[in-house]
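This report concerns only the one structure given below.
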Amino acid sequence: YVHHPVLDTAYTSGEFGGGITAWKFDPDSGTLKRLETLSTLQPDVSGEFYAADIQVTPNGRFVYVSNRDQTADRPAESRQDTLAAFALDSATGLMTRIGWFPTPNQPNSFCVDQTGRYLYSAGTDTSILFAYHIDQKTGHLDHFATYETGRVPVWVMCGSVDQPPAD
C-alpha cells in the first residue's frame with residue numbers, strides 16, 4: 001500500500017495472482033474507493049505468481065510492482081520474476097502499463113531512491129541486488145549494476161547521506 005505524493009490516490013499490490021489497484025483516497029474519512037485494477041503480469045506468462053512490494057516515484061509519475069514467480073516445478077534459472085511499471089496520470093492517478101523488467105529471483109522488496117532516478121531490487125533466492133536507472137520520460141528501467149548481498153536479502157531500503165558542510 002502506497003500513497004501518491006500529491007494526489008488523493010493510493011495504490012495496492014494484489015499479492016495472489018499479481019495485480020495493482022488504484023484507489024481514490026478520502027483524507028477526511030480515511031476511506032478508499034476503487035478506481036481501477038490492472039494485471040502486473042505479462043500477457044504470455046503462465047504459472048503461479050505473487051505480487052509483492054509497490055513503490056511510487058517521488059514525483060508521482062510512475063509506480064512499480066514486483067512479481068514473484070512461485071511456479072513449483074519451474075527451475076530457478078527459468079523463473080520469470082519481473083518489476084511491472086506503470087505511468088500515472090497527473091490529474092487522476094489512473095495507470096497506463098509501461099512494461100516489465102527482469103529482476104533477481106523472488107523480488108520481495110525494492111526501493112526507489114529519494115531523487116526518483118534509481119531503483120534497487122533484491123532477490124531472496126539469488127542473494128543479489130540489481131540497480132536500475134529510471135528513465136525520467138518513459139519510466140523504463142535500465143539495469144546498470146548487480147551487487148552481491150550475502151544471504152537472503154529480505155528488505156531493500158533507500159536513504160540519503162548528507163554531505164558535511166564545507167569549511
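These numbers were taken from a predicted model, which means no experiment stands behind them.
A donor and an acceptor atom, one from each side chain of Thr103 and Ser121, are located under 3.5 Å apart. Trp23 and Thr12 share a side-chain donor-acceptor pair at under 3.5 Å. Looking only at atom types and distance, the side chain of Tyr1 has no donor-acceptor partner in the side chain of Ser13 under 3.5 Å away.
Contact annotation: the side chain of Leu83 approaches that of Phe110 to within less than 4.5 Å [non-hydrogen atoms, C-beta and beyond]. Two residues are said to be in side-chain contact when any heavy atoms from C-beta on lie closer than 4.5 Å; Lys24 and Leu32 fail this criterion. Counting heavy atoms from C-beta on, the side chains of Arg117 and Ile134 never come closer than 4.5 Å. Using a 4.5 Å heavy-atom threshold, the side chains of Ile54 and Val63 count as touching. Counting heavy atoms from C-beta on, the side chains of Glu148 and Ile128 come closer than 4.5 Å.
Taking both residues in full, the closest heavy atoms of Leu129 and Tyr120 are given as CD2-CD2, 3.9 Å, listed atom of the first, atom of the second, then distance. Across all non-hydrogen atoms, the minimal contact from Asn67 to Ala84 is ND2-CB, 3.8 Å. Nearest heavy-atom pair, Asp113 versus Pro58, reported as atom, atom and distance to 0.1 Å: O-CG, 3.7 Å. Smallest separation of non-hydrogen atoms from Arg61 and Thr57: N-OG1, 3.4 Å. Residue Arg97 comes nearest to Leu38 through the heavy atom pair NH2-CB, 3.7 Å, listed as atom of the first residue, atom of the second, then distance. Contact between Thr40 and Ile20 at its shortest, heavy atoms only, is CG2-N, 3.7 Å.
Between atom CG of residue Asp135 and atom NZ of residue Lys137 there is a gap of 8.0 Å, rounded to the nearest 0.5 Å. Summarising the geometry, atom NE2 belonging to His4 is positioned 10.5 Å from atom CG belonging to Asp8; distances are rounded to the nearest 0.5 Å. One finds the CG atom of Leu141 at 11.0 Å from the CZ atom of Phe144 (value rounded to the nearest 0.5 Å). Interatomic distance, CE of Met95 versus OG1 of Thr21, reported as 6.5 Å (0.5 Å rounding). Atom-to-atom distance recorded for Leu119:CG and Ser66:OG is 9.5 Å, nearest 0.5 angstrom. With rounding to the nearest 0.5 angstrom, the CZ atom of Arg68 is 11.5 Å from the OG1 atom of Thr82.
Val6 and Leu94 fall into different hydrophobic clusters, where Ile, Leu, Val, Met, Phe, Trp and Tyr residues are linked whenever their side-chain heavy atoms come under 4.5 Å apart, directly or through other members. Hydrophobic clustering (ILVMFWY, side-chain heavy atoms < 4.5 Å, transitive): Phe86 and Leu35 are in distinct clusters. Residues Val56 and Val65 share a hydrophobic cluster, clusters being chains of Ile/Leu/Val/Met/Phe/Trp/Tyr side chains in contact below 4.5 Å. Linking Ile, Leu, Val, Met, Phe, Trp and Tyr residues whenever their side-chain heavy atoms come within less than 4.5 Å leaves Leu88 and Phe62 in two separate clusters.
Tyr11 contributes no side-chain N or O that, together with a main-chain N or O of Gln55, makes up a donor-acceptor pair within less than 3.5 Å. Of the possible polar contacts, none joining the His143 side chain to the Tyr132 backbone as a donor-acceptor pair under 3.5 Å is found. Judged by distance alone, the side chain of Gln136 and the main-chain N or O of Gly116 form a donor-acceptor pair under 3.5 Å. Between the side chain of Thr126 and the backbone N or O of Pro104, no donor-acceptor pair lies under 3.5 Å.
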